[in-house]
Enquirer: 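Input: one structure, supplied below.
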Protein chains: 4
Amino acid sequence: MDHTYRLVISCPDRVGIVARVSQFVAEQGGWLTEANYHADAESNWFFMRNEIRAESLKVSAERCRDAFAPIAAEYGMHWALVDSAVKRRVVILASHASHCLADILHRWHSGELDCDIPCVISNHENLRSMVEWHGIPFEYVAIDPDNKAPAHAKIMAMAQSYQADCVVLARYMQIIQPEFCQAYAGRMINIHHSFLPSFIGANPYQKAFDRGVKLIGATCHYVTERLDEGPIIEQDVIRVSHRHSKDDLVRLGKDVEKSVLARALRNHLEDRVLVHGNKTVVFD
Amino acid sequence: MDHTYRLVISCPDRVGIVARVSQFVAEQGGWLTEANYHADAESNWFFMRNEIRAESLKVSAERCRDAFAPIAAEYGMHWALVDSAVKRRVVILASHASHCLADILHRWHSGELDCDIPCVISNHENLRSMVEWHGIPFEYVAIDPDNKAPAHAKIMAMAQSYQADCVVLARYMQIIQPEFCQAYAGRMINIHHSFLPSFIGANPYQKAFDRGVKLIGATCHYVTERLDEGPIIEQDVIRVSHRHSKDDLVRLGKDVEKSVLARALRNHLEDRVLVHGNKTVVFD
Amino acid sequence: MDHTYRLVISCPDRVGIVARVSQFVAEQGGWLTEANYHADAESNWFFMRNEIRAESLKVSAERCRDAFAPIAAEYGMHWALVDSAVKRRVVILASHASHCLADILHRWHSGELDCDIPCVISNHENLRSMVEWHGIPFEYVAIDPDNKAPAHAKIMAMAQSYQADCVVLARYMQIIQPEFCQAYAGRMINIHHSFLPSFIGANPYQKAFDRGVKLIGATCHYVTERLDEGPIIEQDVIRVSHRHSKDDLVRLGKDVEKSVLARALRNHLEDRVLVHGNKTVVFD
Amino acid sequence: MDHTYRLVISCPDRVGIVARVSQFVAEQGGWLTEANYHADAESNWFFMRNEIRAESLKVSAERCRDAFAPIAAEYGMHWALVDSAVKRRVVILASHASHCLADILHRWHSGELDCDIPCVISNHENLRSMVEWHGIPFEYVAIDPDNKAPAHAKIMAMAQSYQADCVVLARYMQIIQPEFCQAYAGRMINIHHSFLPSFIGANPYQKAFDRGVKLIGATCHYVTERLDEGPIIEQDVIRVSHRHSKDDLVRLGKDVEKSVLARALRNHLEDRVLVHGNKTVVFD
């Protein structure tokens with residue numbers, strides 16, 4: 001992967017933002033390899049992602065940030081200048097199901113996913129061997145069904161001690177406590193096994209089977225305190241029919257879940273996902 | 001289209017049904033051009049559709065029906081032997097939107113849809129010219145918003161006087177009264193502009209836009225007294241993104257609506273859709 | 001549709017293009033409603049499309065063009081500043097098949113497609129009534145199979161006399177002569193009934209059937225002198241199986257053809273398609 | 001998975017086949033859990049797959065076969081009665097790329113794929129650890145680029161000594177010699193990284209990139225002596241655009257390749273794929 005800096009911005013829309021930002025980039029010698037813009041007419045908000053070839057910049061990223069800060073202040077920007085060479089630390093939480101985890105691990109192992117995975121945390125032991133084969137620490141935290149709070153607190157502390165930049169719930173079947181949601185707002189990604197907002201909550205495949213839908217889906221979203229209601233990053237579906245049992249839906253759904261999660265995670269790691277209210281702008 | 005008879009059956013499952021039915025078909029000299037079977041493990045119910053080349057039968061359809069009745073009784077079958085040469089009479093109800101109606105009319109006019117369309121009924125006048133160009137009577141029924149019942153009753157009576165075998169709601173924006181639903185149970189088809197069960201009721205595109213979904217859809221279902229909850233015949237989706245306004249969703253959704261309705265209607269007219277409880281078996 | 005100006009540019013890539021162009025736009029007071037950029041690493045070419053709210057410009061489009069010309073010259077740009085209020089004149093050529101033509105006409109009639117259609121030209125008479133119902137002149141030009149050149153020349157002259165900005169071949173089954181291709185390079189759109197480059201030339205559905213493919217497709221491309229080898233604008237596919245006869249493929253393919261053509265034409269009319277060599281950049 | 005017997009048949013079409021076969025099944029007490037039929041009008045050939053609950057049969061599979069043989073002879077049937085409890089032995093050939101192999105191994109390991117994998121054979125060493133972690137023997141066979149025949153012969157002998165029922169080429173980048181093709185006709189499955197018949201042979205992603213297609217695909221087919229021309233089992237595509245480099249196509253294509261291969265292999269192992277000439281009937 002080429003070394004780049006990503007200048008990601010959102011702010012109230014007005015005339016001249018692109019001109020001001022791209023003039024700044026040009027002044028630093030920045031060669032744009034990719035640039036994306038979106039003006040949201042409804043909220044009058046502006047979104048921007050500039051990918052700049054690292055070696056084209058005349059100054060360091062730090063100097064760039066300092067130079068850009070006044071412009072950002074002038075326009076009321078939320079912004080970041082991200083160095084693609086600094087790998088994000090992605091802590092994965094899993095339960096018993098292996099398909100999403102195996103998929104992420106293989107993408108990471110084969111060099112397709114550009115991040116570090118400092119550890120996998122699970123409330124089951126069954127995936128330990130698979131994780132450790134990849135050279136990744138596996139942390140088992142038993143959850144007492146009658147008193148879940150201590151284990152949940154331990155898991156959150158563990159993610160923080162591993163310095164997670166991002167937390168992925170790879171079919172992790174536990175409710176996330178509010179403080180964990182808040183600590184990782186916009187950085188905690190869940191894969192839900194339905195086409196939201198259909199079939200919120202538990203057993204979505206059973207509900208889909210009972211309703212007789214002709215497509216089933218999966219939804220990747222940022223986790224908020226409201227269950228399955230966070231900003232949607234990516235969704236997809238697969239066709240089913242009367243021939244499929246509920247177990248078939250589960251099996252077919254796995255393939256959708258893992259590909260939706262992989263696409264969403266990739267976009268997140270490349271700073272292509274901008275959250276705005278309860279919606280996302282995805283520059284893919 | 002070839003002239004065929006369609007022997008469509010559903011009944012409690014047990015050993016020997018296929019043998020008994022196919023032996024009967026063979027005894028009549030019946031040449032199967034297509035045969036479909038489904039055993040629903042959950043409800044222990046059996047579904048079957050046999051398409052028989054008409055000229056291969058040694059006796060008339062009437063005689064066939066008489067001969068099959070005792071077998072049907074023995075197995076407790078719901079069944080029909082349908083003559084493909086007898087065109088179904090499809091009455092279409094429309095409101096202001098033209099896309100679904102125009103699509104159906106063009107398919108019918110170009111010979112793709114095998115049915116008669118005795119009339120189109122609408123509570124708006126704007127589609128009259130298009131309908132009449134196709135040589136189809138257009139019936140306008142004004143609906144008084146403060147007293148809808150008389151108009152609704154008139155529309156139902158009109159559909160019946162045109163001897164409708166099937167009623168299609170082509171983006172007809174009125175609630176159907178219960179007696180109309182009952183009179184056409186399993187024969188009245190609606191296209192809903194969302195991927196049900198998401199966004200039941202009014203303004204689904206606005207709701208989809210507000211939720212920030214990444215796919216929008218359409219659902220074709222048989223109408224029951226419970227709004228948007230009847231047996232689903234067909235669904236499909238199309239990808240959308242942050243770049244799309246609510247009006248874009250409406251526009252993109254039109255294409256999904258019309259293709260979903262066209263597929264569902266075709267399958268209905270070819271007796272490929274069997275209703276079972278609130279679900280469908282679709283032998284496509 | 002909102003009134004906008006579209007500043008569409010392609011040129012050799014270098015540092016500072018976005019800055020220069022967006023500074024220019026800002027100087028004119030231009031409010032960007034949409035902006036798209038693409039840097040092609042392989043050919044080192046840069047592509048850009050800016051959509052500017054018309055009422056935000058301080059000066060006329062003509063004055064804007066004059067002011068931009070020196071910048072364009074400096075960067076070696078191919079460029080245009082297009083007024084969205086000036087409707088393009090789209091002349092449609094059709095033969096016997098109605099599905100693509102009916103689809104375009106309905107989209108135009110319902111206000112979805114932003115263009116004028118000054119006439120439809122055909123070598124068959126069967127579509128006259130449908131076209132004329134839309135209030136569009138229908139021109140019939142008989143083609144002598146033993147001496148096609150005079151008719152082809154007449155059709156080209158007719159398109160030009162109707163001042164066509166764009167020519168759409170809506171399943172027009174005649175080879176286009178080289179001078180017609182050249183006169184409308186990048187402005188003549190064909191829909192081919194296969195997933196190119198599979199099944200170039202005649203009878204693609206028969207070829208697809210014989211090969212036993214599991215998906216069939218359609219391809220919309222700009223017409224060049226090399227049959228079915230011009231720059232591809234849009235493609236799509238639909239699933240088929242052993243159950244489908246060759247006639248089924250033809251029928252199913254129609255739906256793909258018309259939706260692919262509609263999407264491509266819409267993008268062309270909105271100046272979202274930039275041709276580069278034998279490929280396209282599509283800012284959709 | 002339930003224990004079933006699969007009675008799979010193909011033969012010249014005539015009246016009474018379904019009756020005769022289903023009468024036979026009923027006489028043995030056979031409870032059909034699934035039944036599929038296809039009459040190919042073009043070749044006048046008939047295809048049939050009956051899945052029978054094992055415990056419903058009054059006699060052994062062996063006795064069933066003996067009893068069915070005279071019927072099969074009378075109708076000129078190609079047929080098999082397959083016991084679902086006897087796992088097929090699938091030998092996988094791989095080269096350097098890991099994605100298809102990892103996907104198959106995970107499906108097998110998680111119990112989704114019902115077969116034995118006696119070994120993986122490769123002309124590279126890089127995948128050894130991954131294979132062996134699954135408890136599967138990994139056989140490395142070096143191929144001398146200047147004299148490939150001995151290695152190819154060794155690989156074929158190895159597959160046979162492992163008693164392969166089926167050979168899967170999981171992005172195996174070597175030409176298969178004719179005698180290997182013949183020995184495993186209808187039992188050797190390849191995944192080709194293009195939407196065949198587009199881009200036959202080497203470097204399909206480069207060819208797709210150069211042509212500027214808007215969808216890329218993958219094709220799973222039975223291997224014959226004619227390169228990339230065997231009967232197609234399954235195909236799928238994914239959307240691409242001008243934003244994607246050739247390397248992006250390779251990456252995106254991997255996901256299509258592995259899912260297409262997984263679906264095709266599953267259908268093959270469940271005896272759902274019947275080859276007829278150079279085409280397949282897939283009862284999925």
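Everything numeric here is computed off the predicted structure, so don't read it as measured data. Each chain gets a letter, A, B and so on, in the order its sequence line appears, and its residues count up from 1.
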Enquirer: Given a strict heavy-atom distance threshold of 4.5 Å, which part of Ser241(B) is in contact with chain C: side chain, backbone, both, or neither?
Expert: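 For Ser241(B), neither part sits under 4.5 Å from chain C.
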Enquirer: Considering only heavy atoms, which portion of His99(B) lies under 4.5 Å from any heavy atom of chain C: side chain, backbone, both, or neither?
Expert: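 Contact with chain C is through both the backbone and side chain of His99(B).
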Enquirer: To the nearest 0.5 angstrom, please state how far the CE atom of Met130(C) sits from the OG atom of Ser110(B).
Expert: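 The OG atom of Ser110(B) is 9.5 Å from CE of Met130(C), to the nearest 0.5 Å.
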Enquirer: So Asp103(C) and Lys258(B), do their side chains get closer than 4.5 Å, heavy atoms only?
Expert: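 A side-chain contact under 4.5 Å exists here.
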Enquirer: For the residue pair Ser98(C) and His106(B), confirm or rule out a side-chain donor-acceptor distance under 3.5 Å.
Expert: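 Yes, side-chain donor-acceptor contact under 3.5 Å.
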Enquirer: Determine whether a donor-acceptor pair (N or O, by modelled atom type, separation under 3.5 Å) exists between the side chain of Arg243(B) and the backbone of Asp284(C).
Expert: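 Answer holds: yes.
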Enquirer: When only pairs under 4.5 Å are counted, which of Ser129(B), Ala97(B), Ala102(B) shares the most heavy-atom pairs with chain C?
Expert: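 Most heavy-atom pairs under 4.5 Å with chain C: Ser129(B).
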Enquirer: Taking it one step at a time, do Arg251(B) and Arg266(C) satisfy side chain to side chain contact (heavy atoms under 4.5 Å, CB included)?
Expert: CA-CA 12 Å; Arg251(B) 174 176 57 80; Arg266(C) 181 181 182 88; 3.0 Å; yes
Enquirer: Select one option (side chain, backbone, both, neither) describing which atoms of Arg107(C) are under 4.5 Å from chain B's heavy atoms.
Expert: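 Looking at Arg107(C), just its side chain touches chain B.
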